[in-house]
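Encoded as structure tokens, the structure appears first; notes follow it.
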2 protein chains.
Amino acid sequence: MAATSATLDTVAALAGVSRQTVSNALHHPDRLKAATRDRVLDAVRRSGYRPSLPARQLATRRAHAIAVRADPQQDGISGLVLDTFFHGLAEAGHDNGLRVVLYPAQATQEEEVALVDDLLHSRAADAVVLTATSATDERPTYLAATGQTFCAFGRPWGHADAPHDWVDVDGAAGTTLAVNHALERGCRRIAFLGWPDDGATGADRRRGWAEALDAAGVPGPRREDAAVNFAEGAEAAARRLLDLPAGERPDAIVCVSDTLAFGAHRAAATSPAAGDPPLVIGFDATPVARALGLPSVAQPIREAAHACLDLLVPRLAGEDPPARGVLLAPSLALPSH
Amino acid sequence: MAATSATLDTVAALAGVSRQTVSNALHHPDRLKAATRDRVLDAVRRSGYRPSLPARQLATRRAHAIAVRADPQQDGISGLVLDTFFHGLAEAGHDNGLRVVLYPAQATQEEEVALVDDLLHSRAADAVVLTATSATDERPTYLAATGQTFCAFGRPWGHADAPHDWVDVDGAAGTTLAVNHALERGCRRIAFLGWPDDGATGADRRRGWAEALDAAGVPGPRREDAAVNFAEGAEAAARRLLDLPAGERPDAIVCVSDTLAFGAHRAAATSPAAGDPPLVIGFDATPVARALGLPSVAQPIREAAHACLDLLVPRLAGEDPPARGVLLAPSLALPSH
DNA sequence: TTGTAGGCGTTATCAT
DNA sequence: ATGATAACGCCTACAA
């Protein structure tokens with residue numbers, strides 16, 4: 001009801017106690033006589049008192065917030081569904097008394113590192129969550145070197161020397177799921193459609209495909225091709241696979257992304273079918289895969305966000321988290337009909 | 001270089017001035033003699049000084065932050081692409097010295113309103129950006145009633161009595177674009193596939209379709225059907241339209257969402273074609289429409305985010321923004337090939 | 001069990 | 001052109 005917001009002093013005056021008693025009533029109720037506590041809490045209610053976050057931050061020297069980058073990416077057909085990750089962070093953060101602040105992606109890594117540095121040093125945030133880390137990423141190196149608190153969504157691929165907290169999804173396990181699904185459906189010639197560059201993520205997913213075939217003891221030549229994340233290129237690459245002689249023509253194509261799966265799906269639909277059309281399996285379970293009715297490997301994004309906080313919360317409390325890194329298992333999203 | 005972060009006092013000692021002079025050097029450079037100012041600024045550099053955000057917040061009684069809701073929505077096939085909106089807010093916010101804090105969506109509107117209330121009163125944020133407002137939305141009413149600063153992405157459909165700042169995209173203009181595109185492509189029987197409930201957004205988009213046909217003076221009966229945002233239902237509804245007698249069969253279907261467009265696309269592909277397949281046009285320019293090669297109305301999400309800040313920034317400065325509401329024009333995203 | 005004192009780092013006001 | 005002083009609202013000692 002107060003036009004100007006109530007402070008500890010307001011409440012103290014209202015309850016006829018000192019402001020420290022009010023503070024105790026809120027944070028250490030057991031230290032007060034029940035009668036006083038109730039009287040104080042009642043005054044809190046009536047005054048509409050809300051603790052001032054800035055004041056608390058100043059006194060505790062903690063922002064009680066974590067920062068995460070807002071990516072300008074438009075290409076929702078592939079890659080992280082950041083919406084979900086953001087919500088997971090906000091949710092898990094809220095449960096732990098941490099707010100989530102967004103910072104805009106910068107043009108260069110140097111600028112981004114400078115911005116993060118600023119957020120941390122100005123105590124706008126206590127820690128950072130990095131997304132989409134890669135081997136050529138300088139951000140983890142820098143943050144680790146300067147002793148900042150952070151957690152990466154993505155393994156420290158090329159940085160065994162600078163270990164840090166991380167959360168990732170087991171890509172190889174995902175493609176293994178895909179291969180096993182294809183095998184159960186009776187497929188025998190299971191091809192792989194990957195990315196041309198041998199980045200760590202792509203290599204990991206490819207490995208899951210190869211190992212699953214090894215484990216199943218599937219004979220015959222293994223076919224694979226590659227394309228960048230662009231539907232037309234993927235369609236052409238898939239067509240190369242499908243144009244193989246009848247005995248070698250794949251009856252399933254495991255794809256490294258839904259974008260490639262989309263291209264493969266188009267190729268499969270227009271290829272002169274020798275028998276059943278091949279089974280196309282995507283990666284990321286985006287709306288595109290769902291719309292096309294393709295199976296696709298689903299990453300547990302929400303769980304990843306929660307896992308990040310499971311690492312950061314102890315870290316911020318000065319303790320060591322239970323593990324340095326968390327590897328989450330994906331699942332296979334099957335079409336609904 | 002300092003292990004413990006530098007404060008105004010640190011810098012002041014280093015430069016041999018008082019801390020107030022340091023503050024002035026940073027915020028009111030004109031009040032200082034050039035020599036002193038340079039000396040101070042140099043000390044700032046050397047000490048690696050970063051202003052403490054909490055301290056500034058406490059002193060200025062402003063959070064220098066805005067809050068926005070993180071939605072758990074999984075259904076990326078339709079609706080806002082929140083990633084883009086978030087990035088736009090973070091970007092525009094950064095340019096205006098405002099951080100963006102995310103709050104998790106709550107189960108009920110009451111809980112959400114309580115949470116927002118908390119953020120604002122605890123000075124974790126100075127204002128809120130509401131997304132996905134509707135006529136049955138109590139959030140604007142409450143926030144306006146309690147005099148909070150906020151901006152809604154979505155018109156105050158049913159709340160002419162409680163005006164507030166808003167930004168929206170002109171849905172009718174979008175479907176008009178779609179109809180005109182169909183006309184240019186030679187279509188004459190342009191149907192509409194909408195939502196069954198007559199919510200304001202859906203009605204607005206339907207109006208654009210009807211008015212464009214009026215303006216063009218297109219003769220003949222107008223066909224329309226409706227379905228909820230679910231591909232199968234949309235497919236059935238589209239099939240009802242396509243099963244009309246040859247002379248009445250639509251040669252174009254303007255859809256209220258990409259989800260419905262997806263269903264219509266499937267229906268068009270499997271319907272016994274009497275001549276060319278109908279032109280299907282979607283709404284929202286999601287990756288699904290792009291993947292299917294459908295034209296789709298694109299909302300200027302990034303611009304909308306910037307527009308929100310154009311309203312909020314003056315409002316937070318105590319001034320009136322140039323306008324109460326901003327209505328942005330969509331564009332038509334054509335398939336790339 | 002309760003109250004007092006001091007500090008967190010900044011900005012605003014008013015002297016000098 | 002500078003500097004001293006007093007908030008801002010909370011928290012953590014330590015006293016009473």
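Just so you know, these numbers come straight off a predicted model, no measurement behind them. Chain A is the first sequence line, chain B the second, and so forth, proteins listed ahead of strands; every chain is numbered from 1.
Annotation: side chain of A:Asp310 is not in contact with side chain of A:Val326 (no heavy-atom distance under 4.5 Å). By the 4.5 Å heavy-atom criterion applied to side chains, A:Thr7 and A:Ser52 are not counted as neighbours. The closest side-chain heavy-atom distance from A:Leu312 to A:Asn96 is not below 4.5 Å.
Distance CG (B:Leu53) to P (C:dG9): 14 Å, rounded to an integer number of Å. If you take CG of B:Leu26 and C1' of C:dA12, they are 16 Å apart, rounded to a whole angstrom. The CG atom of B:Leu58 sits 12 Å away from the P atom of C:dA12 (whole-angstrom rounding). When rounded to the nearest whole Å, the span between CZ of A:Arg123 and P of C:dG9 equals 8 Å. Atom CG in B:Leu8 sits roughly 12 Å away from atom P in C:dA12 (whole-Å rounding). Atom CG of B:Asp38 and atom P of D:dA1 are 15 Å apart (whole Å). Summarising the geometry, the separation between NE2 on A:His27 and P on C:dT2 is reported as 17 Å, rounded to the nearest angstrom. C:dT1 atom P lies 14 Å from atom NE2 of A:His28, rounded to whole Å.
Distances from the side chain of B:Thr21 to the nucleotides D:dG3, C:dT11, C:dC8 place D:dG3 closest. Closest contact between the side chain of A:Ser52 and the listed nucleotides D:dT2, C:dT10, D:dC10 involves D:dC10. Comparing atom distances between the B:Gln20 side chain and each of D:dA4, D:dA1, D:dC8 picks out D:dA4 as nearest. Checking C:dG3, C:dG9, C:dT2 against the side-chain heavy atoms of A:Val17 singles out C:dG3 as nearest.
At the heavy-atom level, B:Arg62 lies nowhere under 4.0 Å from the strands shown.
Rotation axes derived from the C1' atoms of the five outermost pairs at either end of the helix from C:dT1-D:dA16 to C:dT16-D:dA1 lie 40° apart, to the nearest 10°.
Residue-to-nucleotide proximity on DNA chain D shows that, of B:Thr60 and B:Leu32, the 5′-proximal contact is made by B:Leu32. Nearest-nucleotide assignment on DNA chain D puts the 5′-proximal partner with B:Asp30, out of A:Tyr49 and B:Asp30. A residue-by-residue look at B:Pro51 and A:Arg19 shows that A:Arg19 has its nearest nucleotide of DNA chain C further toward the 5' end.
Distances shorter than 4.0 Å separate none of the side-chain N or O atoms of A:Ser18 from OP1 or OP2 on C:dT4. The phosphate of C:dT1 (OP1 or OP2) has no side-chain N or O of A:Thr36 nearer than 4.0 angstrom.
Taking every heavy atom of both residues into account, A:Pro140 and A:Asp137 meet most closely at CD-OD1, 3.4 Å.
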Walk me through whether A:Arg123 and B:Leu53 qualify under side chain to side chain contact (heavy atoms under 4.5 Å, CB included). CA-CA 6 Å; A:Arg123 298 194 183 284; B:Leu53 192 64; 5.5 Å; no
Applying side chain to side chain contact (heavy atoms under 4.5 Å, CB included), run through A:Phe153 and A:Val169 and close with a yes or a no. CA-CA 9 Å; A:Phe153 186 9; A:Val169 176; 4.3 Å; yes
Between B:Ile66 and B:Leu309, does the side chain to side chain contact (heavy atoms under 4.5 Å, CB included) criterion hold? Intermediate values first, please. CA-CA 9 Å; B:Ile66 60 176; B:Leu309 271 119; 4.3 Å; yes
Report the C-alpha distance between B:Glu112 and B:Tyr103 in whole Å, list the side-chain angles of each, state the deciding distance to 0.1 Å, and finish with yes or no for side chain to side chain donor-acceptor pair (under 3.5 Å). CA-CA 9 Å; B:Glu112 174 159 340; B:Tyr103 67 87; 3.0 Å; yes
